[in-house]
Every structure is written in C-alpha cells, then in structure tokens.
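Here's the structure we're looking at; comments come further down.
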Amino acid sequence: MLNDFVIRFANVNGTGSASANDMFAKAIFRMGIPVSPKNIFPSNIQGLPTWYEVRVNEKGYLGRREGVDIMLSVNPQSMPKDIANVKQGGYFIYDSTKELYKDFIRDDIHYLGIPMMQMCMDKFADPRQRQLLKNMVYVGALSALLDIEIEVLQGIIQQKFKGKEKLVNANYDAMEMGRQYAFDHFTCPFPEHRVERRDLVKDWIMMDGNSACGLGAVYAGATVLSWYPITPSTSLADAFGKFAKKYRVDPETGQNNFAIVQAEDELAAIGMVIGANWNGARSFTATSGPGVSLMSEFLGLAYFAEIPTVLVDVQRGGPSTGMPTRTQQSDLLIAAYASHGDTKQVLLFPSTPAECFTMMGDAFNLAERLQTPVLVMTDLDLGMNENMSPPLKWDHDKPYDRGKVFNAEQLEKMTERFGRYLDIDGDGIPYRTIPGTHPTKGSFFTRGTSRDEYAAYTEEGPAYVRNMDRLVKKWETAKTHVPGPEVYQKEKQSAFGMLFFGTTTYAAIEAKDLLENQGITLDCMRVKAFPFNEEVSKFIDSHQRVFIVEQNRDAQFKSLIINELNANPAKLTSILNYDGFPITADVIRQKIYEHLVGKLKPAFVEHEPGEPSESEVSE
C-alpha cells in the first residue's frame, strides 16, 4: 500500500543500528509523509535484542498498529520470534551471509536475503566499521525496495557527519552497495508497499518529549535542577543542561545563571528542589515511578507547607524495578495522592512534545499560583521516542505567574500581623514571602507539623481542621486554573463516550474512526489535568456508557474518576493495556466493539515480539 505500512528493525543493542534506523525514519518524514517511530530496547548496555518500529501512514495516524508488514532482521537471537510476527503476505529481510535455518521458513511470507556482513567484509578493512556500516547497507536496500528518495538520505548523512568527509563517503558507499544489490536481485519497489512524496507534515517537527520538557523548563524560567539518574528520565536532565548552557549563560561574564545538582539519591534531589523553590527560584526534578515512591514524603511536606514544586514523572513499567525500558501509565494513583495522610497533587497529562514544552510552563505557573507540587505525567513512549509534533510555541506576551507573593513595599505598608496561612481572598490560597524580602516583616517558620494561620505550631484540633479545610478550598480553586479537557465533537452525538489522556490519544482517535466505519459513533474527550473540572463530570453524566482508555492493570484513571467525581462505576468500562508497549487502535476498537455488539474477529495482535498481548477490557 502507498504510504501505509509498518516496518520493524530487529537489531542487537550496541551495534550502531539506532543511528541508521533514525536516518530511515527521518528520510520518510522529510519526504512529507507522517511517521511514528518506536524504539524498543532492553535495559542493558549491549548485546540483547533491540527493535525499532516505524509506522508510515499518510492519513496521519501516529499510534502503534498491530502487525508487521516488513521485518528487517540482523539478529539471529530474535529471528524465530521476528519471523512469527510478520503478517501473512509480508516481507522478511535478513542478512544472508549465513544461511537461514530451514525451521525459520514460513510459506505465507516473502524472504529477501542480502549478504550484508559479507559485503562489508569485502569492502571495508576495519572490523568496527564493518559492523556499523552493515546497518547502512540495509538502509540502502530499503531505499530501493520502498522507493525512498536517495537524495534525502544523502542529505541526512551529510548533516549528521558534517566536517567528517571520510565518514560521509563510507556511509555513501555502504548505502549504495545495499541499494544496488536490491535493484539487481529484487523487484524494486515493492508492489505492495512503497513511499511517495507528499506535503502532509507541514511545519511539524520530530522531537522526543524529554527534550521538549527540558527546553520548556528553560523557557519557564527554571534555574535549578536537582535530580538522580533513572531510566527513562535521565535524558530530560541532560536536555535541560544542554539548553541551559546555550540560553542561561551570562554573555558578559560567562557565568552560568543556572545550577544542576546530581544528588546522592531521590530524597536529596526533591529536598533540594523544595528548598530552592522556597528561596524563590524556579526549580524542578525529573524521575520515574521508583523515584516518585521515594519522594512521596517530601511531596507531602511541599503540599502541607505549601511550597511550589515541579516534578516530571516519565512513567515506566512497574512495580518495583519492573520494566525500566517499557512504557506504562501506572503512577497515577501514587502521584495523585503522593505522601501519607490526606494529600492531593496536581497532575498534567501532555500527549505531544509540543505539550511537554508548554505544560512545563503551566507546571511552574500553577505550582507558584497554587503554592503546591505539580507533577507532569509523561511516559517512556513520549519521553524517549522521537514523536511527530506541532511546532513548539511559547506565548512571550504571557508573564510568569509567581502567584501571591508580598514584596518589600507591600510588607512595609502592612500594619496587621502577617499570616502565612491566612485565607485573605477566600480561594484557599494564602500569601507567601520570599526569604530576605524585608528585614523585619514577612518572616515565618516553615514546618511540616500542624500550625495555625500564622505558622505557629499547634496541636489544637480546630486549627488543624481549619487548615485542612482551606486546602480543600484551594483544591477546588485549582480546578479553575488547570488546563481544561479537549472534546472532539461540537455537541453530543452518541450515548457512548470515550475518555483518554496522554499517549493513549493517537490510538484512541484512530479507534474512534475505525468504529465509525463500523457504524459505531463515540463522543471523545481527552483529559489534560487533575483535578478534573466540571466538564469531565458533565461528559460522564451525559453518556450512557463511557469507555476509559489507560495503560495500567488496575484502571487507576477510572479509580480517580470514581473517587473524585463520585461517578457511577456501573457506567464506566476500562480498556486496559499493560504489556509495556503503547496500546493500539486495533485493540481499543476490538474491545469496544465486543462490548457494544459482540465478538469480533481480532486483527493481527502482537505487541512484544513473540509474546501474547496483555490488553483486555474490564468493568
């Protein structure tokens, strides 16, 4: 099919394949065709199987799709599973330097052997170069088989190895060897699958969510990052450091206007963040599920002492160590109610790199406006994969919202006693001061113990209740400040609705279209933040049945809906996926159809190479 297929590369971790695979995806993108690449890698440094999957779809569907049309395998270790995952009638391209085992032969797919390693051994003398350039041989072959414009690939090579002429020429040579071999031995292009230039990506970019978050933090005015390395959030800290060195260095003195601290552990990291924000800086940390677990007590301190705090949770498979290099949305409950006692934390749910960028600004503004922690809930799929995204846009006319902060002039004019936790405006948000603002006024004792409106320690029950009730009032105020949901229809069209958030968005929208083709109409809403506002509640109340799409086992998002909105559980149906791979539209369509109509013959379903899916529907 023209501009509509899935190709998966089966490689060995640490062999340089990532660069070649990335060139392949970007070449198609630069031909104006929407692509969605997914890097599927193990949690070791080198040697285990790794996969890189690219969906090409000119309709703009960017979620994963079930089944593999073309498998390019150069890893004998995973070859049996790779062959099993090719769709009937699909193609299996492999390194034929060594003969393929007869047990690997299926009679319903096409086999294309290319002696990649042998060609590199004959052409190049350096052993390491042979290994690396083998990847460019298959990129060249694919350029012929899929009709990729060779000039685009050459331009990417020139850009990547600018100033390194020997590397440019070596990559050219390897790519041309593969390309010519395909022309000489196979029908080029494939009769079923090829690409053709379009103008469909417009001004969109390809970027990973971690980089977008890092850049967003710089634009949001963050000057302090305290963090501890953990997959898949480490590259976010790296990105912030890179952008800070570019944009936050004094041009006259050369001094850094930022501080990055790699702490000894997650507890120290979040403690430093809270301290920096208390002192008036905009500070943040980035972590994943295990880090959130360790940071929970400090998050409770920031909630109760009302100190602005920003945390980016790049979610991965849990519990415990879990699957460090697989994606999930399984930190929702621990994040929403982080810490012991009655706590509620503000959550933001970006779905694209562009939203990662802008929501970092939202996070800092909300944290200071509400004087509370704000957690930006991304995941490995969004954070570490290069995603197609609208261009990054920042509203330079919108000032930073520092919230209710008394300055020196206001304190000087103040005749009444300063009450750090007084609800002066009736919205539950008190006024704060930055240490050192005034020599004699505005000081207070910051504590995690119970206190009265003037920050004085007390164990009196009525004072404690007044404080906790004020925090509830502030929570209600937060509902008017967080980003509202996005609806996909102007008015109600169906008795059935679908709720989704974050990286389930693309699959959910495609599933909506697939179901529409089968005569089933769904109203759709994408939730962008917690606490939920009135629109979410009205959407649920106005539909007979609401399907909630999320990527965890225990339906955590549905639990939040039931707990916070007092929604009727009987009308909520969960569509769950928790195998570590992004949910697909095929799975969502199938489960909703089965619930509303009856059993449906499944599409080709596979997520992890050779493993069964853990997608299911439950109520």
Side-chain angles (χ1 to χ4, degrees), residues 274 277-278 292 295-311 332-349 362-363 365-375 377 401 403-405 419-432 444 446-485 527-538 540-541 556-569:
I274 293 170
N277 280 291
W278 180 84
V292 176
M295 295 177 181
S296 289
E297 185 174 2
F298 262 130
L299 287 170
L301 170 64
Y303 171 83
F304 197 54
E306 300 181 67
I307 303 171
T309 302
V310 173
L311 183 155
L332 301 181
L333 291 178
I334 191 176
Y337 303 120
S339 196
H340 55 279
D342 294 324
T343 56
K344 291 183 179 181
Q345 314 290 7
V346 175
L347 311 180
L348 301 179
F349 305 115
D362 295 336
N365 287 340
L366 286 167
E368 295 201 297
R369 167 55 51 185
L370 301 171
Q371 299 174 31
T372 197
V374 175
L375 286 74
M377 306 296 289
D401 186 353
K404 298 181 180 182
V405 183
R420 171 65 180 92
Y421 298 107
L422 278 173
D423 184 9
I424 296 174
D425 300 325
D427 58 4
I429 306 173
Y431 283 79
R432 65 187 175 110
F444 63 95
T446 303
R447 63 177 80 243
T449 50
S450 180
R451 71 286 168 139
D452 65 13
E453 287 81 355
Y454 298 92
Y457 175 73
T458 180
E459 293 184 8
E460 293 294 326
Y464 173 81
V465 170
R466 289 197 303 272
N467 188 62
M468 294 300 287
D469 288 348
R470 180 183 56 77
L471 290 172
V472 171
K473 186 187 293 185
K474 183 167 76 169
W475 184 252
E476 292 301 311
T477 300
K479 294 178 181 179
T480 66
H481 287 281
V482 298
V527 179
K528 295 183 180 181
F530 175 78
F532 307 123
N533 64 17
E534 190 176 0
E535 289 182 68
V536 180
S537 184
K538 287 181 178 179
I540 294 171
D541 291 342
Q556 296 182 29
F557 195 77
K558 185 174 80 170
S559 295
L560 286 176
I561 292 285
I562 295 169
N563 193 45
E564 297 295 324
L565 299 180
N566 199 26
N568 181 4

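When each of Leu301, Ile274, Thr372 is paired with Thr309, the side-chain contact (heavy atoms from CB on, under 4.5 Å) condition holds for Ile274 and for no other. No option in Lys473, Lys404, His481 other than Lys404 meets the side chain to side chain donor-acceptor pair (under 3.5 Å) test with Asp427.
The side-chain heavy atoms of Phe532 and Ile540, taken from C-beta on, include no pair separated by under 4.5 Å. Between Tyr337 and Gln345, every side-chain heavy-atom pair lies at or beyond the 4.5 Å cut-off. Contact check for Arg451 versus Phe444: no side-chain heavy atoms found under the 4.5 Å cut-off. Counting heavy atoms from C-beta outward, Val482 and Pro531 have side chains that approach closer than 4.5 Å. Looking at heavy atoms from C-beta onward, Pro308 lies in side-chain contact with Glu368 at the 4.5 angstrom threshold. Inter-residue side-chain proximity for Pro430 and Arg420 is flagged as met; some heavy-atom pair is nearer than 4.5 Å. Contact check for Met468 versus Leu471: side-chain heavy atoms found under the 4.5 Å cut-off.
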Step-by-step salt bridge (charged side-chain N to carboxylate O under 4.0 Å, His left out) determination, Arg466 to Glu460: CA-CA 10 Å; Arg466 289 197 303 272; Glu460 293 294 326; over 6 Å; no
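You'll find the ring centres of Phe530 and Phe557 outside the 6.0 Å limit.
Note that the CD atom of Glu564 and the OG atom of Ser537 stand 11.5 Å from one another [nearest 0.5 Å]. Rounding to the nearest 0.5 angstrom, the gap separating the OH atom in Tyr464 from the CG atom in Asp469 is 10.0 Å.
The shortest heavy-atom contact between Lys474 and Gly428 is CB-O, 3.6 Å.
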